[in-house]
Amino acid sequence: MTATVAIIGRPNVGKSTLFNRLVGKKLALVDDRPGVTRDRREGEAALGHLRFNIIDTAGLEEADPASLAGRMRAQTETAIAQADVILFMIDARLGLTPMDQPFADLVRKSGKPVILLANKAEGKKGLDGIFESYALGLGDPVPFSAEHGEGTSDLLEALAPFVDVEPEEEEPFDESYGDKRWVDAPAARDESEDEGAYSDPSKPLRVTIIGRPNAGKSTLVNRMIGEERLLVGPEAGITRDTISVDYEWRGKPVKLFDTAGMRKRARIEEKLEKMSVQDSLRAIRFAEVVVVLLDSTIPFEKQDLTLVDLIEREGRAVVIGLNKWDLVADKNGLLAELKEKAGYLLAQVRGVPIVPLSGLAGEGIDRLMQAVFSAYDVWNRRISTARINRWLEGVLSAHPPPAVAGRRIKIRYMTQAKARPPTFALFGNQLDHLPVSYTRYLVNNLREGFDLPGTPIRLHTRGGENPYDKGKR
């Protein structure tokens, strides 16, 4: 079984920088200010020939358990309980502080092996702090620089007795947001193949949950996985990092990504919030399905519409969740009203699933996941060329394309170029002059004719003759 290593220490000693170095990706947000990390973040780490799970934690602080800092500390204590080995990190340049000793006592009482890591030890400034750290009673410190990678061999030697030496035979799941499974996927399959999901059922479905601050994203994820995995509270904007957690629904693996709340761009001023939003945008870009979580008491604000438009441009499958539904009085009336509004406010994803739910009460989660997997199937759908062109013939007969400068636009042929999202190529003459209104007409009819609700649809035009018309070659 793979060992788990937790990085523990005061705020701003370099825990997230070390985490990023060990996982080989910039997953955790890093900034000069203390207290950037709030939730605990997990990843798969490699150090030389060692392979282990790593947990990044919030900085330890003395605080009231009910306060935000107190709840952050509880998350860190959970990480200590889960860990097989603890990396207790100090800032060697600052030396010991009054907070280091009680926290050293905390990790010592856990009964877990503890490795004392004196970070920022590069140069002469770190020597005094290294010598002071012996007073913690945690053994010989390992001088290290997470930023520059100095002391790696010493850390490897200290960890070797506690972690796996040989890498696992099975390739570890890529924790980065980039999804390499589809980079080399063929653009189209054989025409004989009809509708069906183009996916690998053994891989987790990547579902990103986004929304405005305080929409209840972390509360929903906690309820879904059945534990207080993510930090929650009445304060808006608690989540900063995009955190991934494993989930299983009806035997199907899912990777859930909880993101920071996204406000209007004009209101974002602080560098840290900009970093959080960029992290959320990456999670959207490489998701397979994106759940836009709305507050049912104030739904469809301008920012909500902007988020849906962003997802459509990125070509991700989308589901809308109406959270805090338990606070709504006239449920049937409001749901009918919101579905009607979505029809014209979100015309680019017409038919998008809208699911009422309550993350706090745990209501509607099953309906949400049904909608997620249904949206994923639609997003992956493929349609045979023969069916598309039978449909096209009827659509053109009902409403022929207009003429441009006295010459009629001729549409000869259509095929599906790829899925994820459904993308179609239209062949004919003078298609560069095809009006936007007629393109919209074709897309809307594609959506209705082949049952493609809610998913983004791409329609590209190609000039020239029908490549499958042998008589005109």
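Hydrogens, waters and symmetry mates play no part in the numbers below; they use all other heavy atoms, side chains included.
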Asks: Is a salt bridge present between E288 and R316, judged by a nitrogen-to-oxygen distance below 4.0 Å?
Replies: no
Asks: Looking just at side-chain N and O atoms, do E448 and N444 make a donor-acceptor pair shorter than 3.5 Å?
Replies: no
Asks: Return the CD to OG1 distance between Q416 and T385, rounded to the nearest 0.5 Å.
Replies: 8.5 Å
Asks: Output, in order, the C-alpha distance, side-chain angles, deciding distance and verdict of side chain to side chain contact (heavy atoms under 4.5 Å, CB included) for V23 and E44.
Replies: CA-CA 6 Å; V23 299; E44 295 177 351; over 6 Å; no
Asks: Side-chain contact test, heavy atoms from C-beta onward, threshold under 4.5 Å: evaluate it for D258 versus V245 and give yes or no.
Replies: no
Asks: Without placing hydrogens or testing angles, list every side-chain donor-acceptor pair under 3.5 Å for residues 323-338, not counting sequence neighbours.
Replies:
from: N323; atom 1: OD1; to: G359; atom 2: N; distance (Å): 2.9
from: N323; atom 1: ND2; to: A215; atom 2: O; distance (Å): 2.8
from: K324; atom 1: NZ; to: N214; atom 2: O; distance (Å): 2.9
from: K324; atom 1: NZ; to: D295; atom 2: OD2; distance (Å): 3.2
from: D326; atom 1: OD1; to: S358; atom 2: OG; distance (Å): 3.1
from: D330; atom 1: OD1; to: G333; atom 2: N; distance (Å): 3.1
from: K331; atom 1: NZ; to: V328; atom 2: O; distance (Å): 2.8

Asks: Please answer whether the main-chain N or O of T17 pairs with a side-chain N or O of N20 as donor and acceptor at a distance below 3.5 Å.
Replies: no
Asks: Identify the heavy atoms of G14 and N119 that sit nearest to each other, and give their distance.
Replies: CA-ND2, 3.6 Å
Asks: Do N445 and W391 have a side chain donor and acceptor closer than 3.5 Å?
Replies: no
Asks: Within the distance-only criterion (no hydrogens, no angle test), does the side chain of T423 pair as donor or acceptor with the backbone N or O of P421 below 3.5 angstrom?
Replies: yes
Asks: Which pair of heavy atoms, one from P356 and one from I354, lies closest together, and at what distance?
Replies: CD-O, 3.8 Å
Asks: Are the side chains of I457 and L452 in touch, meaning some heavy atoms are under 4.5 Å apart?
Replies: yes
Asks: Could you give the distance from OG1 (T208) to CG (L256), rounded to the nearest 0.5 Å?
Replies: 9.0 Å
Asks: Is the shortest heavy-atom distance from the side chain of M262 to the side chain of Q303 under 4.5 Å?
Replies: yes
Asks: With R458, which residues qualify under side chain to side chain donor-acceptor pair (under 3.5 Å), at least two apart?
Replies: E312
Asks: Go through M414 and L446 one step at a time and tell me if the side chain to side chain contact (heavy atoms under 4.5 Å, CB included) criterion holds.
Replies: CA-CA 11 Å; M414 182 186 286; L446 275 168; 4.3 Å; yes
Asks: So, taking the atom named CG in L22 and the one named CG in D56, what distance separates them when rounded to the nearest 0.5 Å?
Replies: 10.0 Å
Asks: Contact between V254 and M369 at the side-chain level, heavy atoms closer than 4.5 Å - yes or no?
Replies: yes
Asks: Mind checking whether I210 and L293 have side chains closer than 4.5 Å, heavy atoms only?
Replies: no
Asks: Using every non-hydrogen atom in the two residues, find where A419 and R381 come nearest and quote the distance to one decimal.
Replies: CB-O, 3.8 Å
Asks: Check the side chains of T259 and T242 for a donor-acceptor pair under 3.5 angstrom, ignoring hydrogens and angles.
Replies: no
Asks: Suppose we call two aromatic rings close when their centres sit under 6.0 Å apart. Are H460 and F424 close by that rule?
Replies: no
Asks: Evaluate the side-chain proximity of I365 to W249: yes if any heavy-atom separation is below 4.5 Å, no if none is.
Replies: no
Asks: Rounded at 0.5 Å granularity, tell me how far CD1 in I320 sits from CG in L357.
Replies: 12.0 Å
Asks: Where is the tightest heavy-atom contact between A79 and I55, given as atom of each residue plus distance?
Replies: CB-CG2, 3.9 Å
Asks: Which is it for E393 and N389 under the side-chain hydrogen bond (donor to acceptor under 3.5 Å, both in side chains) test, yes or no, and what are the steps along the way?
Replies: CA-CA 6 Å; E393 183 179 352; N389 284 281; over 6 Å; no
Asks: Under a 4.0 Å threshold between the charged nitrogen and the carboxylate oxygen, would R313 count as salt-bridged to D309?
Replies: yes
Asks: Within the side chain of R223, is there an N or O that forms a donor-acceptor pair under 3.5 Å with the backbone of L360?
Replies: yes
Asks: Decide salt bridge (Lys or Arg N to Asp or Glu O under 4.0 Å) for E314 and R285; before the verdict, give the C-alpha distance in whole Å, the side-chain angles of both, and the deciding distance to 0.1 Å.
Replies: CA-CA 6 Å; E314 291 293 343; R285 192 167 296 120; 3.5 Å; yes
Asks: Let me confirm one number: the CZ-CZ distance from F450 to R447, rounded to the nearest 0.5 Å.
Replies: 13.5 Å
Asks: Apply side chain to side chain contact (heavy atoms under 4.5 Å, CB included) to the pair M89 and I7, showing each step before the final yes or no.
Replies: CA-CA 7 Å; M89 182 179 283; I7 310 173; 4.3 Å; yes
Asks: Which of parallel (below 30°), tilted (30 to 60°) and perpendicular (above 60°) describes Y438 and Y441?
Replies: tilted
Asks: I need the S374 OG to W379 CH2 distance, nearest 0.5 Å.
Replies: 14.0 Å
Asks: Is the shortest heavy-atom distance from the side chain of P456 to the side chain of Q348 under 4.5 Å?
Replies: no
Asks: Does the structure place the NZ or CZ of K252 under 6.0 Å from the centre of the six-membered ring of F373, at an angle of no more than 45° from the ring's axis?
Replies: yes
Asks: Can you list the steps and then say if V349 with L346 is a side chain to side chain contact (heavy atoms under 4.5 Å, CB included)?
Replies: CA-CA 6 Å; V349 286; L346 304 174; 3.9 Å; yes
Asks: Just wondering, are more than 12 heavy atoms of other shown residues or ligands nearer than 6.0 Å to CD in E147?
Replies: no
Asks: Specify the closest pair of heavy atoms between V319 and A371, including all atoms of both residues, with the distance to one decimal.
Replies: CG2-O, 3.7 Å
Asks: State, with a plain yes or no, whether a side-chain heavy atom of V318 is found less than 4.5 Å away from one of V289.
Replies: no
Asks: Which pair of heavy atoms, one from I311 and one from A317, lies closest together, and at what distance?
Replies: CG2-O, 4.3 Å
Asks: Between the main-chain N or O of A146 and the side-chain N or O of R21, is there a donor-acceptor pair closer than 3.5 Å?
Replies: yes
